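Order of appearance sets the numbers: ligands from 1, and atoms from 1 within every ligand. The structure presented is a predicted model; accordingly, all values stated were derived computationally and were not measured. Heavy-atom basis, side chains included; hydrogens, waters and symmetry copies ignored.
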Amino acid sequence: RAFAQELRLAFEHGEFELFYQPQVNTRTGALVGAEALMRWNHPQRGLLTPASFMEVLSEKPSAGAVGEWVLRTACAQAAIWREAVPSFRIGVNLFAAQFRAGRLLTSVREALAENNLPPAALELEIVETILLRNDTTILRLLQELKALGVRLAFDDYGTGFASLSLLKRYPVTCLKIDRSFIRDVDTDPEDAAVVKAIIYLGKSFGLEVIAEGVETRTQLAFLRENGCAEAQGYLFGKPVPVAQFEAMLSQQP
Ligand code: G
Ligand code: G
Ligand code: MN
Ligand code: NA
């Protein structure tokens, strides 16, 4: 059967699952939240990561419905975990289709209300390709989401063509430094300069900054010394299923 049709059935058959990756405070090491990341439990091929299906899925009409499911599932999970970590927040990646469908603001309001979740507990992650559409509908939606009190993260920050001008145009609240800059940050002076510049940019615009792809203690030390408040990466934990994330939560001080 064609991959595209398998994908459609995957959603109907409940084969998608969310994994969660921890995010921490770089100074204290305390858990601050998690990013929700899709996985596909494929009946024949086993567990698939987004690399193998996200491109096809994003272009499908059903991407909007899948995105809503991600939002609701992640918010319901965050509400449970906030009982253990009261300031816990959840990062949810958005599909372009969710902006086009015209239901995003309503979906977000509903997902928050259903789970009694304060808006600041939700961080919506947006990639540059979505912002590049340069569309007044997107601008208005983001303004409304920001007014609601939801966090808006500019995902994979620094890799795109228009990182600086888009930052001026859109009301984001957080920059997620792309992991390609973090990988060699302690050995490559140019990567180090880019990371410092993004941290400085974040401070200048009054934005939070989180580094992605942190794998080593020296990378963490660099970020801490340069004032990057939060980090995410294998050093703190890989994306894991709910049960494994809960095991980790139960070991939090
Ligand atoms: O889990 P992994 O690191 O392989 O994820 C790769 C990418 O897939 C992420 O960076 C993200 O952009 C995308 N992705 C994962 N989960 C979701 C999701 O629920 N919605 C959207 N739109 N993208 C996702
Ligand atoms: O939203 P985004 O595409 O940035 O999702 C994060 C992706 O990066 C996920 O696919 C996740 O599996 C991956 N990832 C998260 N932490 C690390 C890390 O420390 N190292 C590497 N190589 N990949 C990571
Ligand atoms: Mn992301
Ligand atoms: Na990213």
Q: Find all atoms of ligand 2 within a distance of less than 4.0 Å from any non-hydrogen atom belonging to Gly233, and give their numbers and elements.
A: 16 (N), 19 (O)

**Q.** Those atoms of ligand 2 less than 4.0 Å from some heavy atom in Pro239
**A.** 12 (O)

**Q.** Point-to-point distance, once rounded to the nearest 0.5 Å, from CG of Leu235 to NZ of Lys238
**A.** 12.0 Å

Q: Measure Leu235 to ligand 2 on non-hydrogen atoms and call it side chain, backbone, both or neither using the 4.0 Å cut-off.
A: neither

Q: Would you mind finding which of Glu125, Lys238, Glu215, Gln232 brings a heavy atom closest to atom 22 (N) of ligand 2?
A: Glu215

(Q) Tell me every residue that passes ring pair (Phe, Tyr, Trp, His ring centres under 6.0 Å) with Phe99, counting only those two or more places apart in sequence or in another chain. (A) none

Q.
Using a 4.0 Å heavy-atom cut-off, which part of Val127 comes near ligand 1: side chain, backbone, both, or neither?
A. neither

Q) Taking atom 17 (C) of ligand 1 as the point of reference, which of Glu35, Lys176, Met54 owns the nearest heavy atom? A) Met54

Q: Please name the pair of heavy atoms, one in Glu212 and one in Ile182, separated by the smallest distance, quoted to 0.1 Å.
A: O-CG1, 3.1 Å

Q: Check each atom of ligand 1 against the heavy atoms of Phe95 and keep those under 4.0 Å away; list them by number with element.
A: 20 (N), 21 (C), 22 (N)

(Q) Residue-level breakdown please: for Asp178 versus ligand 2, do any non-hydrogen atoms fall below 4.0 Å on the side chain, on the backbone, on both, or on neither? (A) neither

Q. Which ligand 2 atoms are under 4.0 Å away from a heavy-atom of Leu37?
A. 5 (O)

**Q.** Under 3.5 Å side-chain donor-acceptor pair for Thr218 and Asp186
**A.** yes

Q: Name the orientation class of the two ring planes belonging to His42 and Trp40 (parallel below 30°, tilted from 30 to 60°, perpendicular beyond 60°).
A: tilted

Q.
Would you say that Leu131 contacts Leu142 through its side chain, given a criterion of any heavy-atom pair below 4.5 Å between the two side chains?
A. yes

Q: Report the part of Gln21 (side chain from C-beta onward, or backbone N, CA, C, O) that has a heavy atom under 4.0 Å from ligand 1; answer both or neither where that applies.
A: neither

Under 3.5 Å, which donor-acceptor pairs link side chains of residues 111-118 to any protein atom two or more places apart or in another chain?
unit_1: Glu114; atom_1: OE1; unit_2: Arg72; atom_2: NH1; d: 3.1
unit_1: Glu114; atom_1: OE2; unit_2: Arg72; atom_2: NH1; d: 2.7
unit_1: Asn115; atom_1: ND2; unit_2: Ala111; atom_2: O; d: 2.8

Q | Element-labelled atoms of ligand 2 that are located less than 4.0 Å from some non-hydrogen atom of Asp155 | A | 1 (O), 4 (O)

Q.
Taking distance alone, with N or O pairs closer than 3.5 Å, would you say Arg179 contacts ligand 1?
A. no

Q.
Nearest 0.5 angstrom please: Ser62 OG to Leu7 CG, how far?
A. 7.5 Å

**Q.** Contact atoms of ligand 1, heavy-atom distance to Leu94 under 4.0 Å
**A.** 22 (N)

Q) Arg39 heavy atoms, cut-off 4.0 Å: which ligand 1 atoms fall inside? A) 1 (O), 2 (P)

Q) What part of Val70, side chain from CB on, backbone N/CA/C/O, both or neither, has a heavy atom under 4.0 Å from ligand 1? A) side chain

Q | Exercise: do Gln21 and Glu35 side chains pair donor with acceptor under 3.5 Å | A | no

**Q.** Option set Tyr157, Phe236, Tyr234, criterion heavy-atom distance to atom 19 (O) of ligand 2, minimum
**A.** Tyr234

Q) Is there at least one pair of N or O atoms, one from Met38 and one from ligand 1, spaced under 3.5 Å apart? A) yes

Q) Which value, rounded to the nearest 0.5 Å, describes the distance between Thr73 atom OG1 and Glu68 atom CD? A) 11.0 Å

Q) Should Lys176 and Glu123 count as an ion pair when the cut-off is N to O under 4.0 Å? A) no

**Q.** Angle at the Mn ion (ligand 3) (to 10°), with one arm to OE2 of Glu35 and the other to OD2 of Asp155
**A.** 170°

Q. Who's closest to atom 3 (O) of ligand 2 heavy-atom-wise, of Asn93, Asp156, Val214?
A. Asp156

Q. How does Ala51 reach ligand 2, if at all, at less than 4.0 Å between non-hydrogen atoms: by side chain, backbone, both, or neither?
A. neither

Q) Salt-bridged, Arg103 to Glu110, with N to O below 4.0 Å? A) yes

(Q) To check your reading of the site, what angle at the Mn ion (ligand 3) do OE1 of Glu125 and OD1 of Asn93 form, to 10°? (A) 80°

Q) What distance do Phe95 atom CZ and Glu59 atom CD have between them, rounded to the nearest 0.5 Å? A) 11.0 Å

